[in-house]
Every structure is written in structure tokens, then in C-alpha cells.
Engineer: 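Quick one: this structure, given as C-alpha cells, is what I'll be asking you about.
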Amino acid sequence: MVAYTTAPGDAEMGLEERIVVLVEKKSTLGQIWKVSMALLIVALCLGGVLLCAWYWSGKPELMTQSGQTEALINKVTAETTDPHSTLRRISSKAKAAIHLEGSYEEDDETSQNQLEWRSGQGQAFAQGGFQLENNQIIIPQTGLYFVYSQASFRVSCSDGDDEDGAGKRHTPLSHRIWRYSDSLGSKASLMSAVRSACQNTAQEDSYTDGQGWYNAIYLGAVFQLNKGDKLWTETNQLSELETDEGRTFFGVFAL
């Protein structure tokens, strides 16, 4: 049996080799870790750049859309404050619609002491078969219709001693829409409203100063109407009516 012994040189050589292997392995792991961190940092930077580029490229469009939305809201708000403008815009898009402007001349003998409705002037129009005959609207077809009207007044509420002035103060304002249908065989009231002429009896005003108590009566609702039905209005205190700038109107449009 042969015995082997380890020389000091062999032991040192084996230790040295093991040390070399361990150092080399440690260096490799460190490099891999450093490369991984570098790639991660580069990826984060690249992602940040792309995110910023996407944000700034989309921001002008977002601002434009926001500005357009705000402008549209302002426009709609301005239109909804004026019922005359809103109804005129809606009815103009309907397939069948009519919108009339009111006129009254106290000294005109042809007016027959009634509010006259006129088409084809100012904002008034008629389309889809609607007709204006004898100051009445003729319904073209059976169906659902939105009927509306407004009468505006300016009444002197001064505390004068004259009988005419007292009569104006105590006579209420009234506005009514009538309907005649062959199916009914008689006229019927569609809508009506009554309002006090002078809501503040202590108010001092006169027509000579261009002042007065302003008031308006508005009517509007949906009805089932038949072909050939006739609609017209009845209004009191015609001498106090305001017919300028679309203050008094009458219209119908199909739904």
C-alpha cells in the first residue's frame, strides 16, 4: 500500500486555485447586477420620455376640446335664457312647423280689434303644410304637436284719477289659445292664463316718460291634434300689447 502525502506547495497551490475561482465568480455576479441596474434605469428614463411626449402632444387637443365645450355651453346658456329664440330654433328643425309674429295697430280698421298673426316677415315662417287662414293656424296632419304662444304687455300703473287709468290697473291681463275640431263640433280652450296688470300699485310711471309695468304671459304644452283643426288666440288689453322684437308670438311644431 502506497501512502501519499501532501506537500506544502501542493496545499498552497490548491488554496490559491480555490481563491482564484471564488474571486472570479464574485466578479461575474457583480457585473451582471450592474448591467441589470443600468438597463432598468435606461428603461425607466425611456418610459418617462415617452410619457412626457405623449402628454404634451395630446394636451393641445385636450385644451381645444375643452375650449370648444365651454363655448358650446355658453352658447346654449345664452339661447336658453330667451324662450323665443329657443322655440324658434327647435321649430325650425321640425318637419312641420309654423311660427308667427304678433301685430296690432289700434288705429287700423282692418285689425277688427284683434291681435293679428303674420307669417313671412321677421322670424316668422311656415313649412310642412301649415297654413294661416283668417288669423287661424290650420293643422296639416293628425299627430302630436307642441303649441306655444306669448303675449307681452306694458301697462301704466300710475295712480291717476282718470277712469281709464283706474280701469287699466284693475283689469287683469289674459291670453288664451282656442281650438276648433270637427270631431268636437265646437271650440275648446287649449290653454289660458290670467295675470295682474299692476303688481305694484305704488309704482309711479307714465307713458310720457317711456315707462310702464312690463309683463308677459307664456303658454306652451303638447296636444294630440287632428288634420284640419284650427287654432287661434284671444287676448285682452290689446292697446297695451308689446309687439316689437319678437315679444308677442304664436307657433306650432310637430313632434
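Here the structure is a predicted model, which means the values were calculated and not measured.
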Engineer: Please enumerate all residues that pass side-chain hydrogen bond (donor to acceptor under 3.5 Å, both in side chains) together with Ser181, with sequence neighbours excluded.
Structural biologist: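 With sequence neighbours excluded, Ser181 shows a side-chain hydrogen bond (donor to acceptor under 3.5 Å, both in side chains) to Ser183, Asp229, given in chain and number order.
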
Engineer: Can you confirm whether His99 sits close enough to Tyr148 that some side-chain heavy atom of one is under 4.5 Å from a side-chain heavy atom of the other?
Structural biologist: yes

Engineer: Can Ile32 be reached from Leu40 by stepping across I, L, V, M, F, W or Y side chains whose heavy atoms are under 4.5 Å apart?
Structural biologist: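 No; tracing contacts between hydrophobic side chains, which count when under 4.5 Å, never links both residues.
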
Engineer: Is there a side-chain contact between Leu144 and Val222 (heavy atoms, below 4.5 Å)?
Structural biologist: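 Counting from C-beta outward, Leu144 and Val222 do come under 4.5 Å.
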
Engineer: For Ala124 and Leu100, which heavy atoms make the closest approach, and how far apart are they?
Structural biologist: CB-CA, 4.1 Å

Engineer: Taking all non-hydrogen atoms of both residues into account, name the closest pair between Ser196 and Leu173 and its distance.
Structural biologist: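 Where Ser196 meets Leu173 most closely, the heavy atoms are O-CD1, 4.4 Å.
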
Engineer: Check the hydrophobic clustering (I, L, V, M, F, W, Y; side-chain heavy atoms under 4.5 Å; chains of links allowed) and say if Phe153 and Leu219 are grouped together.
Structural biologist: yes

Engineer: How far does CH2 of Trp117 sit from CD1 of Ile137, to the nearest 0.5 angstrom?
Structural biologist: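 Here the interatomic distance stands at 8.5 Å.
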
Engineer: To the nearest 0.5 angstrom, please state how far the CZ atom of Phe125 sits from the CD atom of Glu101.
Structural biologist: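 Going from the CZ atom of Phe125 to the CD atom of Glu101 covers 10.5 Å.
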
Engineer: Is any side-chain heavy atom of Ser149 less than 4.5 Å from a side-chain heavy atom of Phe249?
Structural biologist: no

Engineer: Considering non-hydrogen atoms only, spot the tightest contact between Pro172 and Val194 and give its length.
Structural biologist: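 For Pro172 versus Val194, the nearest heavy atoms are CB-CG1, 3.6 Å.
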
Engineer: For the atom pair OG1 (Thr233) and NE2 (His175), what is the distance rounded to the nearest 0.5 Å?
Structural biologist: 5.5 Å

Engineer: I need the minimum non-hydrogen distance between Lys187 and Tyr180, along with the two atoms involved.
Structural biologist: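 Lys187 and Tyr180 have their closest heavy atoms at N-CD1, 3.8 Å.
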
Engineer: I need the Ser103 OG to Asp244 CG distance, nearest 0.5 Å.
Structural biologist: 9.5 Å

Engineer: Out of Ile98, Val147, Leu115, which residue meets the side chain to side chain contact (heavy atoms under 4.5 Å, CB included) rule with Phe250?
Structural biologist: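 That would be Val147; it is the only one of Ile98, Val147, Leu115 passing the side chain to side chain contact (heavy atoms under 4.5 Å, CB included) with Phe250.
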
Engineer: Going from CD on Gln127 to NZ on Lys95, what distance comes out if it is rounded to the nearest 0.5 angstrom?
Structural biologist: 12.0 Å

Engineer: Would you say the side-chain atoms of Ser152 pair up with the backbone N or O of Thr248, donor to acceptor, closer than 3.5 Å?
Structural biologist: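 Answer holds: no.
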
Engineer: Can you name the closest pair of heavy atoms from Glu242 and Arg247 and give their distance?
Structural biologist: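 Shortest heavy-atom contact: OE1-NH1, 2.6 Å.
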
Engineer: Should the ring pair Phe130 and Tyr145 be called parallel, tilted or perpendicular, given that the plane angle runs from 0 to 90° and is split at 30 and 60?
Structural biologist: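 Plane angle over 60°, so perpendicular.
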
Engineer: Sequence neighbours excluded, which residues qualify as side-chain hydrogen bond (donor to acceptor under 3.5 Å, both in side chains) partners of Gln136?
Structural biologist: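 So Gln136 forms no side-chain hydrogen bond (donor to acceptor under 3.5 Å, both in side chains) with any residue.
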
Engineer: Within this structure, what is the NZ-CG distance for the pair Lys230 and Asn135, rounded to the nearest 0.5 Å?
Structural biologist: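 Those atoms lie 12.5 Å apart.
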
Engineer: Provide the closest heavy-atom pair for Ile217 versus Ala193 in the form atom of the first, atom of the second, distance.
Structural biologist: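 Minimum heavy-atom contact is CG2-CB, 3.5 Å.
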
Engineer: Apply side-chain contact (heavy atoms from CB on, under 4.5 Å) to Leu190 and list each qualifying residue two or more places apart in sequence or on a separate chain.
Structural biologist: Ile177, Arg179, Phe223, Leu231

